[in-house]
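Note sheet for the following structure.
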Amino acid sequence: MLLRIDQIQKSYPGGRPVLRDVSLTLDQGETLALTGESGCGKSTLLNLAAALDSFDGGEITLDGVPLSTLDDSGRADLRRHRVSLVFQQFNLIPSLTVEQNLSFHARLAGCHDTGWSTHLADRLGLSDLLARYPENLSGGQQQRVAIGRAMAARPKLLLADEPTGNLDETASANVLDLMLALVAETGAALLLVTHSQDIAARLDRCVHLSGGHIT
Amino acid sequence: MTRAVIQALLSHWRVHRLQLATLLIGIALATGLWSAVQAVNAEARASYERANDQLAFGQYDELRNPSGMIPISRYVDLRRAGWQVAAVLEGSLQIGERRLQVLGVDMVTYPTLPAVTQVEQSATPPNPADMLTAPGRLLAAPSVQKLLRDHPHLPPVLPTDALPPDLILTDIGVAETLLNKPGQISRLIVLPNQPQSVQPLSDIAPELELTRASARIDTAQLTDSFHLNLTAFGLLSFAVGLFIVHGTVGLAFAQRRAMIRTLRALGVSMQQLVWMITIELALLALIGGLLGLVLGFFLAGALLPDVAATLRGLYSAPVDGQITLHPHWALSGLAMALAGTLLASGHALFRLSRMPLLTGAGLQAWRGATSGNRVIPLAGVFLIAGGIVISYLFDGLIFGFAMVAGILTGSALLLPVLLSLVISAFQRWTQSPVAQWVWADMRAQLPGLSLALMALLLALAANIGVGTMVSSFRLTFTGWLDQRLTSEVYVTAPDSELGQEIAQWLTPRVTAVLPIRSAELMHETGPLFLYGVIDDQTYRQKWPLIASTKDDWDRVFAGKAVLINEQLARRSNLWPGDFLTLAPDHTLTIAGVYSDYGNPTGQAIVSMAQLDQIAPGAEARRFGIRVAPDRASELAQDIRDRFELPRHAVVQQATMKAQSLAVFEKTFVVTSALNILTLGVAGFAILTSLLTLWTQRLPQIAPVWALGLTRAQLARLEVLRSVLLATLTAVLALPLGLVLAWALLAVVNVQAFGWRLPMYLFPADWIYLFALTLVAAFVAAALPALRLLRLPPADLLKVFANER
């Protein structure tokens, strides 16, 4: 089992609970959709799994490592080596070129493979855009760079938060196709947050979050 | 509607309180430093004017004897011939550590002075006869009265606040005794309403020269250069302060774009918005300006005593050491705050007024437009070229400053482009992803930080430039003192008679006695002090000549040539081989030019015989004594004991040098203070820029954090980035500072003081300044870095959730 989320509890400052005893698991190579209405805690759960935020109770174990035992440095190390993230807002580094953005995470993790990066750029249709800066790309292109950056590090787990939320229908389908294909190609697991039942239906499993519980 | 719009606009400041504080502090600092300099200048100028009014200086034509003093018989001749003239005798009196000017006037004929009127109208007016008969009365400022109280041999003192500091006014008869100048007159005031048919001056007193009041150089003119220097520094500080205002207003406007777009969509016209924002800026300028005035008032109070001491030491200008608050100063300070704020905000306001209704509201658009502007570097090149061209085409102090201003401003405008090029080079050179990101991010940050960095560049360049100038000056001055002050002991006797007696006593006991005798002549460029020298090896070996000819000293001692100081040479464009007319029948070839950093006036040296011919009766009270250095102390004490001279009348070389250096150091106290303050303001500009840019930093930092860097690592990188930018700016400031130093030494100093100084380099000072800059950059970045270190992950996550 790659990811185990066990009885997780999380409240916002002020005490309002967001997640109440949430549990789920994810195996290597498996894809899982996390759906639910706005504000139900989907993104919060994703952030907890990515070791971006800390939880109030329960435990998350990623690749055998219990996250509650990690300090800030340990969490950063985990993000660098085992997890990759794709955000709705793309969150590319605006001061770096497409090529530098693509290889950035892999180089941070110390696993940069030029051949693999070139392959990714080809697969994602970015070969002609490598010298450009993010501000000169369309939303679909930016999200493809974000996926390329995430996959270049060959993560065990890919976490995607509404990756197509800012894209039109065609770009959305295109991005999702590429992401699923690359996940399959690398054998990574995928936890994807989405509103769309259509997208959720394309993944192996789907769980619904409502009122802080898995239903 | 207006109220609702104002409420919406002002809500921005409620949310961005730090930004508001930064804006107000920026305006206050700019206004404060400028107003302080203006207050100091105004106070000094008011003192000159007051002195002119109080003593009726500069209002009347005068008669002077180019050869020295006017005998009293000549005064009598003129009065008998019907000339309405009033006699004046001037001189100085040493009281303890203080040198006081004595002004003796013929109380009967001299125009009524405010001080006399005040004393006469006081509760206990003196008997008029007491003023004119022995022992007479002295009129002086209350502070001087206190000083004279301990000297019972002096006549009684009547206090009056209608006299400048350090001056004693008395009847000419009393002054004769005080100054030991019986029967002598310094000058004659030509009173208005002269009778129609008086005998011409050439018949009665052919040796006297009439000088029109309008043709004389007064203290205000003499000190113009000094005040212009201060004003230039004030302007630099003002400009550095305005950089803060410009940066803050630009960011505030950018952050308000969304609000303004909404207000326009709701039916508020752009014209209305521009008016309201202009009024808002004006109000903020007035509040900041008021704070600046308070700061300026206290700063001026702190600076004025040193300025007053400098002006008294260098120009004998009567300046009070106290600052007074004038309404017009406050009003002009507020006007500067208003004008400066509107000037600094003009660009942002213009861009806002041109913003299409449907334009994007993001900060990136604003920053992109700033960075994409190609006009600014071009303007920089144009300004530098313009400054250089001006210095080649025109002469004069104003044009010297125009060149300096052009080079400084142009370089500041070029800074972002230069930094961008340097950073790109480093980015290409580095391999590690974090280092690459740091350089790339630094480059992306440039538009937001460029104004603060420009301010830093200007402050550093000014520090290096002025520091190099002052240190070069100090080094040259010290060397010059070693050459000029060659005598081991200097003696000043109370009168010529005793002076000669001392000289006779000394002659068999020492290596040489070198008389220091001079007379004040009039030259077309202003007063000219003519010195006589005797033939001695000391002059040939030591005198600091900057331009010489063959057998120069031989020809001077033979009475065939004259040496002049650099000030006179440059002002009159007279160089070796040219001729100088000292008196109608005394025109001599110029044999050489010597450096002279003691005063701004012209000087010439002739043989003692020539001096006696041109200005007979020149005092013989002062002389230098050449003696074996180990005997100097003993000899000085012997002279004091034998001739009952006070300690200050017999001074050893070391003391003399220390006194001269003390005057020198005081001269640059104000400059150094303004320098440090400007650097402080620049440091503050970096801090405020980093703080105001803080909210924009999170979208850059959060993705890197998410990809696996800790907040501690990112905080360290933030500090490193700020320190690197400051370092690069400091490296670029070094050549600019040296160019500034060259301009100050070779152009501004020549125009302002009449001397050109060699330039020396002081790498140790640069290292110190660099260290100071790095510390300032570290401190400025420490606060934002600390905030990043303590930032809850939830705040970083908001970047990804698009909740910001």
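Sequence lines set the chain letters: A, B, ... in the order given, protein chains first and strands last, and positions in each chain run from 1. None of the values given here were measured: they were computed from a predicted structure. Computed over heavy atoms, backbone and side chain alike; hydrogens, waters and symmetry mates excluded.
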Based on non-hydrogen pairs under 4.5 Å, which of A/R149, A/E162, A/R75, A/H105 is most in contact with chain B? A/H105
d(B/R443 CZ, A/S95 OG) to nearest 0.5 Å is 9.5 Å
Interatomic distance, B/L797 atom CG to A/L46 atom CG [nearest 0.5 angstrom]: 10.0 Å
Under 4.5 Å to a heavy atom of chain B? For A/L52 that would be both
If you count heavy atoms of other groups shown closer than 6.0 angstrom to CZ of B/F426, is the number above 12? no
Looking at every heavy atom in both B/L707 and A/L108, which two are closest together, and how far apart are they? O-CD1, 3.8 Å
Of all heavy-atom pairs between A/N91 and B/P703, which one has the smallest distance, and what is that distance? O-CB, 3.4 Å
Within 6.0 Å of CZ in A/R4, more than 12 heavy atoms from elsewhere: no
For chain B, which residues from residues 115-122 of chain A have at least one heavy atom closer than 4.5 Å to it? none
With a 4.5 Å heavy-atom cut-off (strictly below), which parts of residues 59-73 of chain A touch chain B? List them by number. A/D72, A/S73
Toward chain A: residues of residues 431-442 of chain B with heavy atoms under 4.5 Å: B/Q431, B/S432, B/P433, B/V434, B/Q436, B/W437, B/A440, B/D441
Which pairs count as side chain to side chain donor-acceptor pair (under 3.5 Å) when at least one residue sits in residues 722-731 of chain B, sequence neighbours excluded? none
Tell me whether A/R79 contacts the main-chain N or O of B/A706 through its side chain, where contact means a donor paired with an acceptor under 3.5 Å. yes
